[in-house]
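Notes follow the structure.
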There are 2 protein chains.
Amino acid sequence: MRVLGIDPSSRATGYGVLEFTEDRYRVLDYGTIKPSRKAPLHDKLQEIKAGVDGLIDRHVPDEVAIENPFYAQNIKTALTLGQVRGAVLVAVAEHARPLFEYSPLEIKKAVTGYGQADKGQVKVMVKALLNIEDDDMEEDASDALACAFCHLNTRLFQKAVEDSKI
Amino acid sequence: MRVLGIDPSSRATGYGVLEFTEDRYRVLDYGTIKPSRKAPLHDKLQEIKAGVDGLIDRHVPDEVAIENPFYAQNIKTALTLGQVRGAVLVAVAEHARPLFEYSPLEIKKAVTGYGQADKGQVKVMVKALLNIEDDDMEEDASDALACAFCHLNTRLFQKAVEDSKI
């Protein structure tokens with residue numbers, strides 16, 4: 001099973017493509033989509049959407065996992081984040097990929113065992129769990145891989161429970 | 001000049017297509033895009049985006065005007081509204097239409113002369129100004145026409161100022 005994890009943000013939307021085959025995780029891709037700083041808002045959103053389109057076309061993930069914030073600093077931040085999420089979700093829907101959402105708490109717990117972990121701790125654990133050697137890895141990318149990892153883990157656990165019923 | 005006005009909302013995104021030719025306004029289309037209630041969020045957003053795609057393809061507006069809220073009741077509402085705006089803005093950007101944003105205050109002032117007017121008052125004035133006889137007109141549609149009207153008026157005023165300079 002191949003999963004695309006996405007951590008939406010207006011400045012840098014993180015992504016990570018993770019696969020579970022032959023009893024191990026494989027990292028296929030990760031990085032960030034950074035729209036042109038000076039572009040008008042709607043063009044920025046279109047760049048983010050086009051970026052996600054490209055990732056889905058290239059990696060053909062079975063499922064997509066996205067962080068679902070229940071919190072934002074203020075109304076303005078929430079509107080901005082919502083707009084980026086809208087652009088990402090339209091891309092996922094246009095490719096008819098099943099979508100799964102996880103709270104920041106669920107994602108942090110899945111990789112660090114601790115729901116209040118900061119982005120730095122998440123990055124350290126993601127690199128350790130997935131055996132990534134990359135000093136320049138961005139935190140938005142590790143957050144996205146954490147989201148994909150959280151979803152794959154949930155899926156594997158569900159499968160283990162199903163198998164044990166036989 | 002032909003303008004598509006949009007009033008984004010998750011339940012019913014209003015739209016209105018307005019043209020100014022031969023010294024008068026012409027209403028070409030108006031209504032609402034209502035995504036399937038029971039569809040998952042990303043499919044709803046995709047339905048809204050496809051609706052806007054269709055409107056732009058059909059009417060080929062020169063410019064698009066959208067209401068830009070600086071206010072939402074709470075973080076959850078702001079996230080939801082942001083997502084719908086994201087879907088709409090991606091459609092506008094994909095068609096390379098110039099986008100203009102107006103605050104609710106500017107829009108209300110343009111049609112009623114009063115920034116605190118309610119949706120009912122906006123509807124009454126939109127129907128009067130644009131000579132629309134329709135007892136079933138939805139308020140989301142009249143809000144969208146008000147937004148298009150606000151933009152066309154701004155444009156006509158700009159043109160009048162330019163012309164008077166000659």
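Computed from a prediction, not measured in an experiment: that's the story for all the values here. Numbers restart at 1 for each chain; the letters A, B, ... are given by sequence-line order, proteins then strands. All values below come from the heavy atoms of this structure, side chains included, with hydrogens, waters and symmetry mates left out.
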Between Lys44(A), Arg85(A), Gln73(A), Glu101(A), the one whose heavy-atom pairs under 4.5 Å with chain B are most numerous: Arg85(A)

Considering all heavy atoms, the nearest Glu94(B)-Lys49(A) contact: OE2-NZ, 2.8 Å

hydrophobic_cluster_shared for Leu129(A) and Ile132(A), side chain cutoff 4.5 Å: yes

Phe100(B) reachable from Phe20(B) in the ILVMFWY side-chain graph, under 4.5 Å edges: no

Path from Leu4(B) to Ile33(B) over hydrophobic side-chain contacts below 4.5 Å: yes

Chain B contacts, top residue of Leu45(A), Thr77(A), Ile75(A), Ile66(A) (heavy-atom pairs, under 4.5 Å): Ile75(A)

hydrophobic_cluster_shared for Met1(A) and Tyr30(A), side chain cutoff 4.5 Å: yes

Structural part of Leu41(A) lying under 4.5 Å from a heavy atom of chain B: side chain

Closest non-hydrogen atom pair, Val90(B) against Ala87(A): CG2-CB, 3.6 Å

ILVMFWY cluster, Val126(B) and Val3(B) together (side-chain gap under 4.5 Å): yes

Lys109(B), NZ: over 12 other non-hydrogen atoms inside 6.0 angstrom: no

Euclidean distance, Leu89(A) CG relative to Asp43(B) CG, rounded to 0.5 Å: 10.0 Å

Option in Leu81(A), Leu99(A), Val92(A) with maximal non-hydrogen atom pairs under 4.5 Å from chain B: Leu99(A)

Minimum heavy-atom distance between Gln46(A) and Ala93(B), given as atom pair plus value: CB-CB, 3.5 Å

